[in-house]
Structure formats: structure tokens, C-alpha cells
Amino acid sequence: LELSKNNIRVYTICTGLIDGWISKEILGEPMQTYFQSMSLCRPVTLKSLTKTLSHVAGPDHSMTGAILQVDNGCVI
């Protein structure tokens with residue numbers, strides 16, 4: 001079904017672990033220390049997720065039907 005002609009965009013957002021109190025409880029202190037030492041493979045911040053969602057919700061691109069992986073390169 002073609003929806004873009006009606007200006008409807010369809011996305012799937014696949015997040016990794018989102019940074020917050022739940023991720024801190026799940027990971028525990030040793031894993032938090034491990035993640036903090038890496039530039040990639042960190043839990044996704046809410047700010048980063050919000051910026052990504054704001055971009056795809058806006059009119060300044062031509063993406064549609066995309067699967068967006070917001071995971072900082074970390075697949076658990």
C-alpha cells in the first residue's frame with residue numbers, strides 16, 4: 001500500500017537500551033562502568049531518541065517506510 005502520495009510516512013523505531021533508572025537497575029554497577037568507558041554501545045539517552053523522532057516527524061527529509069535503529073551501535 002503506497003501511503004507517501006498522501007503525505008503519510010510509516011516508520012518502525014527500534015531502540016536499544018534506554019538510559020534511565022530502569023537500565024541502571026537492569027545493568028548494575030559493573031556494566032554501567034563498562035558502558036561509560038566506550039564511545040559506542042551505550043544506552044540511548046532520551047535526548048538522542050527525542051532528536052531522532054523530531055527529525056523523522058518533520059518535513060525536512062524524504063524518508064518513508066524506514067526501520068530506524070536508535071541503539072548507539074549496541075545490540076544486546
Side-chain angles (χ1 to χ4, degrees):
L1 182 63
E2 180 61 45
L3 298 174
S4 62
K5 65 183 175 190
N6 298 318
N7 203 25
I8 298 172
R9 298 179 177 153
V10 179
Y11 303 101
T12 300
I13 310 289
C14 301
T15 65
L17 189 62
I18 297 175
D19 191 26
W21 65 271
I22 292 175
S23 66
K24 288 175 177 50
E25 286 184 19
I26 292 171
L27 295 176
E29 189 62 36
M31 287 303 286
Q32 284 294 320
T33 302
Y34 177 68
F35 279 129
Q36 289 172 356
S37 69
M38 302 169 69
S39 60
L40 287 176
C41 196
R42 291 179 153 188
V44 175
T45 64
L46 289 177
K47 182 178 181 179
S48 173
L49 183 58
T50 302
K51 287 174 82 173
T52 301
L53 295 175
S54 294
H55 175 72
V56 298
D60 298 332
H61 63 84
S62 58
M63 287 189 304
T64 187
I67 297 173
L68 304 172
Q69 292 181 277
V70 185
D71 58 16
N72 282 337
C74 188
V75 178
I76 298 177

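Any value given below was found using the heavy atoms of this structure, including those in side chains, with hydrogens, waters and symmetry copies removed.
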I need the T15 OG1 to L46 CG distance, nearest 0.5 Å. 10.0 Å
Gap separating the CG atom of L68 from the CG atom of L53, nearest 0.5 angstrom: 8.5 Å
Decide whether I67 and V56 are clustered together by the hydrophobic rule: side chain heavy atoms of Ile, Leu, Val, Met, Phe, Trp, Tyr closer than 4.5 Å, transitively. no
To check you understand the geometry: which heavy-atom pair defines the closest contact between V44 and D71, and what is its length? CG2-CA, 3.6 Å
